[in-house]
**Student:** 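A single structure is presented below for examination.
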There are 2 protein chains.
Amino acid sequence: MEFRRQVTIAQVAREAGVSTVTVSRVINHRPDVAPDTRRRVEQVIGRLGYQPNAIARSLISQHSHTLGVVASRLDYYGPSRILVGVEQKSSELGYALLLCMQHQPESGDVEPILNHLLSQQVEGVIWAVPEIGDNRAWISERAAHLQVPIIFLNMDPHSNLPVVAGDNYLGGQMATRHLLEQGYRKIGAITGPINEWEACQRYLGWRDTLIEAGITIRDCQVFEGDWSAASGERGARLLLADCPELDAIFAMNDQMAMGLLSAVNEAGLSVPRHLAIVGYDDMPESAFLLPPLTTIRQHLRDVGRTAVSLLQSRISEGAVLDYARQAQLETNDALASASFSPDPILIAPELVIRQSSIRRSEQDKLR
Amino acid sequence: MEFRRQVTIAQVAREAGVSTVTVSRVINHRPDVAPDTRRRVEQVIGRLGYQPNAIARSLISQHSHTLGVVASRLDYYGPSRILVGVEQKSSELGYALLLCMQHQPESGDVEPILNHLLSQQVEGVIWAVPEIGDNRAWISERAAHLQVPIIFLNMDPHSNLPVVAGDNYLGGQMATRHLLEQGYRKIGAITGPINEWEACQRYLGWRDTLIEAGITIRDCQVFEGDWSAASGERGARLLLADCPELDAIFAMNDQMAMGLLSAVNEAGLSVPRHLAIVGYDDMPESAFLLPPLTTIRQHLRDVGRTAVSLLQSRISEGAVLDYARQAQLETNDALASASFSPDPILIAPELVIRQSSIRRSEQDKLR
DNA sequence: CTGAAAGCGCTTACAG
DNA sequence: CTGAAAGCGCTTACAG
């Protein structure tokens with residue numbers, strides 16, 4: 001395999017017998033070029049296969065047209081869906097995408113990642129690492145005076161920061177209300193790691209809904225899993241042993257619901273006859289479980305897309321601000337409009353009803 | 001939110017009372033700086049929060065330290081695992097990663113993607129789009145004289161190109177041999193889209209193994225799915241209807257195996273009593289199906305990691321070549337060593353035996 | 001040990 | 001309509 005060197009604008013100019021400025025004008029589709037000059041230059045460009053050097057352009061124009069996305073656990077369903085949305089929207093808007101993993105999302109050690117992205121001159125950052133424990137501690141001292149705008153995904157919208165998130169509290173409510181409506185009263189829960197924001201919100205949605213319905217919750221009714229199917233299986237065994245009166249269990253993701261299903265089956269019980277089950281995520285496989293799984297569908301691709309839209313508007317505001325500064329205008333107006341922090345965007349999930357949670361009376365009809 | 005402008009080397013130099021060259025030497029840990037000069041500069045760097053501009057560095061040093069990865073179907077299990085491996089190894093080697101999606105992988109329209117990556121001056125490309133139909137047609141005229149090395153993933157290793165792939169043919173053989181060893185003889189197949197290389201290899205592995213065993217294959221024994229669980233369900237219905245004598249089915253990914261399981265259950269049959277099942281992929285969920293699924297585990301993360309290692313060695317070879325050219329040396333040696341194309345790297349999969357394919361006699365023991 | 005000069009590939013004023 | 005000059009932020013020789 002043989003590698004050619006990159007063709008430069010200077011070579012094109014020489015071959016076409018014009019100056020580099022003129023070549024630049026042609027590349028950028030400026031109107032002020034004589035028709036036949038344009039044609040001549042375009043021919044040379046085609047012949048040499050010239051491609052403008054985006055790095056040189058970035059340096060002079062002070063715009064990298066690049067966004068950074070910081071993700072983690074990409075081999076899980078949720079994070080990869082979000083990344084797909086982020087990529088789609090970025091590419092639609094003409095941004096290149098620099099991908100960074102935070103391999104230990106629970107640590108708050110973000111300096112190397114931020115420094116890497118900033119040194120690459122990204123124009124904005126999508127922070128798609130889940131909120132775990134205090135892994136947002138850095139925000140207060142760092143994010144406030146970062147050089148570029150940053151959008152946070154699936155994080156607690158407390159601190160007046162731009163956040164786009166699935167409404168996990170609502171999802172938890174929806175799942176629980178659905179079970180109540182179907183006539184179930186003793187509803188157990190297998191949660192995700194409760195120090196993760198998403199897990200905690202789903203848990204609170206479940207808890208508050210039961211409390212509002214006047215149902216008291218016993219400790220033995222809750223098991224804290226780790227999102228894995230294996231933990232769902234373990235949780236199921238414990239709940240069935242400690243709390244045999246349960247008539248339903250809300251597993252707070254589909255993988256744990258699968259482990260739960262497996263354990264319930266092993267115990268010789270049938271779903272939903274002896275125990276109703278609701279999951280969370282609506283993975284493509286969940287419709288094909290035995291029985292098909294009722295679950296909460298998240299529109300994660302939209303979370304990713306929305307985040308990029310929001311980021312772009314922040315970037316534009318920043319540009320306005322820069323312009324105002326540079327022009328030494330009275331900047332108050334620009335500052336006011338640019339520092340306007342929109343309400344956090346919560347994206348509502350959707351209840352997908354399948355057989356695993358059917359009402360008892362309906363079950364009888366079916367047979 | 002307020003954005004600061006980037007600090008430049010010139011500002012650091014001014015503040016520290018030295019020239020920019022000296023600052024540069026400090027940043028790059030050159031030895032030839034007086035100890036207290038170094039300290040003074042480092043202090044200013046710390047105080048101003050100076051970060052070298054990677055774009056300017058790339059331009060002058062002619063090295064972007066960036067790799068491009070072209071992927072598709074990231075919301076599927078396989079592709080996202082591969083990406084994880086690619087990212088891990090890239091970051092270990094100090095490369096930034098530019099992510100590009102080919103949203104329609106079946107089209108061979110790769111010019112925009114290649115041009116984008118090349119204009120971004122990536123030092124190498126990982127082509128992680130699956131081979132579908134003739135979506136590799138562009139290789140013959142384009143890849144051979146690309147400016148940068150490119151590694152192909154999960155592609156037919158025919159054309160003396162650098163390829164890293166899972167050994168799907170071997171995987172197909174392993175699944176089928178396992179079923180034969182367990183005493184099954186009438187083994188149906190639900191394949192992926194047969195114009196995809198991976199699907200086709202698994203199919204051929206299955207077919208050849210049966211032929212070698214002296215078993216004739218009837219047309220009604222094969223169904224072509226599209227990787228989705230829904231297609232697995234459809235396929236199962238057809239196979240069960242047209243070929244009722246089947247005692248096993250090899251579903252060539254786990255999602256289709258799930259659809260198959262669901263349909264078999266609906267038909268009132270039990271697995272593996274009436275029908276044994278083997279899948280392909282070993283998704284984390286597959287151990288928790290009812291019954292747990294025997295499947296072929298691919299080491300996709302290793303595929304990604306290996307690809308990046310190979311890419312790096314190609315990049316180094318290219319550097320050697322450049323040096324040789326530049327020094328006007330007798331380039332034959334360098335050329336010879338650099339154009340050395342290694343054998344395609346096939347990564348062997350692994351059989352994971354679970355209950356869905358247990359031997360009939362074993363089943364009797366279990367009850 | 002330190003700095004003035006040149007230049008990576010491009011674009012933005014400015015002058016003709 | 002066209003081009004000479006300056007410069008984006010950095011590094012690489014070269015000279016002291």
Side-chain angles (χ1 to χ4, degrees), chain A residues 5-42 45 48-66 118-123 147 322-323 326-327, chain B residues 4-42 44-45 48-66 118-123 147 322-323 326-327:
Chain A
R5 287 218 65 73
Q6 180 91 8
V7 182
T8 70
I9 204 174
Q11 290 170 48
V12 174
R14 200 178 321 120
E15 292 269 322
V18 295
S19 73
T20 58
V21 210
T22 301
V23 176
S24 170
R25 283 194 259 258
V26 171
I27 297 167
N28 295 294
H29 306 100
R30 294 282 163 68
D32 51 350
V33 180
D36 59 327
T37 308
R38 184 186 301 278
R39 220 162 318 149
R40 197 151 28 100
V41 172
E42 277 168 350
I45 287 176
L48 299 185
Y50 168 72
Q51 284 279 120
N53 181 326
I55 287 188
R57 281 182 151 175
S58 299
L59 187 59
I60 191 73
S61 69
Q62 304 282 54
H63 283 288
S64 66
H65 296 289
T66 300
L118 292 177
S119 80
Q120 296 286 343
Q121 313 298 116
V122 298
E123 298 191 39
Q147 288 93 327
D322 271 3
Y323 172 76
Q326 196 180 323
Chain B
R4 282 190 316 212
R5 288 219 63 74
Q6 179 90 7
V7 180
T8 70
I9 204 174
Q11 291 170 46
V12 175
R14 201 177 322 122
E15 294 269 322
V18 295
S19 72
T20 59
V21 211
T22 300
V23 177
S24 171
R25 283 193 261 258
V26 171
I27 297 166
N28 295 295
H29 306 101
R30 294 280 162 70
D32 50 350
V33 180
D36 58 328
T37 308
R38 183 186 302 278
R39 220 163 318 150
R40 197 151 29 99
V41 171
E42 277 167 349
V44 175
I45 287 176
L48 300 184
Y50 169 72
Q51 282 279 120
N53 180 326
I55 287 189
R57 280 182 152 174
S58 298
L59 187 59
I60 190 73
S61 70
Q62 305 282 54
H63 284 288
S64 66
H65 296 288
T66 300
L118 292 177
S119 80
Q120 295 285 344
Q121 314 299 114
V122 298
E123 297 192 40
Q147 289 94 325
D322 271 3
Y323 173 76
Q326 194 180 326

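Proteins get letters first, then strands, A, B, ... in listed order; numbering begins at 1 in each.
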**Student:** How close or far is atom C1' of D:dC14 from atom CG of B:D32, stated in whole angstroms?
**Tutor:** 13 Å

**Student:** C:dT11, OP1 or OP2 - any side-chain N/O from A:S24 closer than 4.0 Å?
**Tutor:**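 A:S24 to C:dT11 OP1/OP2: side-chain N or O found under 4.0 Å.
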
**Student:** Taking for each residue the nucleotide of DNA chain C bearing the nearest heavy atom, is the 5' side occupied by B:V18 or by B:L59?
**Tutor:** B:V18

**Student:** Return the minimal non-hydrogen interatomic distance between A:V33 and A:V26, and the atom names on each side.
**Tutor:** CG1-CG2, 4.1 Å

**Student:** What is the distance, rounded to the nearest whole Å, between atom CD1 of B:I27 and atom P of D:dT12?
**Tutor:** 12 Å

**Student:** Which nucleotide in the list C:dA4, D:dG3, C:dT11 gets nearest to the side chain of B:V21?
**Tutor:**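 Within the option list, the nearest is C:dA4.
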
**Student:** What integer distance in Å separates A:Q147:CD from D:dG9:P?
**Tutor:** 13 Å

**Student:** Got a sec, which residues hit side chain to side chain donor-acceptor pair (under 3.5 Å) with B:S58, two or more places apart in sequence or on another chain?
**Tutor:** none

**Student:** Within the structure provided, determine whether A:V23 and A:V18 are in side-chain contact (heavy-atom separation under 4.5 Å).
**Tutor:** yes

**Student:** Of all the nucleotides listed (C:dG9, D:dT11, D:dG9), which has the minimum atom distance to the side chain of A:A56?
**Tutor:**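 Selected nucleotide (nearest to the side chain): C:dG9.
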
**Student:** Please report the distance, rounded to the nearest Å, between CD1 in A:I45 and P in C:dC10.
**Tutor:** 10 Å

**Student:** How many Å lie between CZ on A:R14 and C1' on D:dG3, as a whole number?
**Tutor:** 16 Å

**Student:** Nearest whole angstrom, please: distance from the P of C:dG9 to the CG of A:L48.
**Tutor:** 15 Å

**Student:** Using a cut-off of less than 4.0 Å, is there contact between a side-chain N or O of A:Q121 and OP1 or OP2 of D:dG9?
**Tutor:** no

**Student:** What is the distance, rounded to the nearest whole Å, between atom CD of B:Q51 and atom P of D:dC10?
**Tutor:** 10 Å

**Student:** Find out whether B:N28 and B:R57 are in side-chain contact, i.e. whether some heavy atom of one side chain is under 4.5 Å from a heavy atom of the other.
**Tutor:** yes

**Student:** Please state whether the phosphate of C:dG9, meaning OP1 or OP2, lies under 4.0 angstrom from any side-chain nitrogen or oxygen of A:R57.
**Tutor:**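 Negative; the distance criterion is not met.
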
**Student:** Identify, between A:T20 and B:A10, the residue whose nearest nucleotide on DNA chain D lies closer to the 5' end.
**Tutor:**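 Here A:T20 is the residue nearer the 5' end.
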
**Student:** Quick one: is A:Q62 getting a side-chain N or O under 4.0 Å of the C:dT11 phosphate, OP1 or OP2?
**Tutor:** no

**Student:** How long is the line joining CD of B:Q11 and P of D:dC10, in whole Å?
**Tutor:** 9 Å

**Student:** Keeping the roles fixed (side chain from A:E123, backbone from A:S64), state whether a donor-acceptor pair exists under 3.5 Å.
**Tutor:** yes

**Student:** Under 4.0 angstrom, heavy atoms only, what part of the nucleic acid is A:R30 near: base, sugar-phosphate, or nothing?
**Tutor:** sugar-phosphate

**Student:** Closer than 4.0 Å, any side-chain N/O of A:R25 to the OP1 or OP2 of C:dT11?
**Tutor:** no

**Student:** Let's see if you can work this out: which of D:dG3, D:dC10, C:dC10 has an atom nearest to the side-chain heavy atoms of A:T8?
**Tutor:**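 So the side chain of A:T8 is nearest to C:dC10.
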
**Student:** Indicate the atoms forming the closest heavy-atom contact of B:R38 with B:P31, along with that distance.
**Tutor:** NH2-O, 3.7 Å

**Student:** At their closest point, which heavy atom of A:A16 faces which heavy atom of A:R40, and how far apart are they?
**Tutor:** O-NH1, 2.6 Å

**Student:** Would you tell me if any nitrogen or oxygen in the side chain of A:N28 comes within less than 4.0 Å of OP1 or OP2 on C:dT11?
**Tutor:** yes

**Student:** Side chain of B:I60 only, heavy atoms from C-beta on: which candidate in C:dT2, D:dG9, C:dG9 is closest?
**Tutor:** D:dG9

**Student:** List the atom of A:I27, the atom of A:I9, and the distance in Å for their closest heavy-atom pair.
**Tutor:** CD1-CD1, 4.0 Å

**Student:** Given Watson-Crick or G-U pairs with both distances under 3.5 Å, what dot-bracket string fits DNA chain C, with | for other-strand pairs and [ ] for crossing?
**Tutor:** |||.||||||||.|||

**Student:** Any side-chain N or O of B:T22 under 4.0 Å from OP1/OP2 of C:dG3?
**Tutor:**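 Result: yes.
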
**Student:** With nearest nucleotides of DNA chain D determined for A:A34 and B:I55 from heavy-atom distances, which residue corresponds to the more 5′ nucleotide?
**Tutor:**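 With A:A34 and B:I55 compared, the 5'-side residue is A:A34.
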
**Student:** Please report the closest heavy-atom contact between B:Q51 and A:S119, naming both atoms and the distance.
**Tutor:** NE2-CB, 3.8 Å

**Student:** Choosing from C:dC10, D:dC1, D:dG9, which nucleotide comes nearest the side chain of A:T37?
**Tutor:**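 Per side-chain heavy atoms of A:T37, the pick is D:dC1.
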
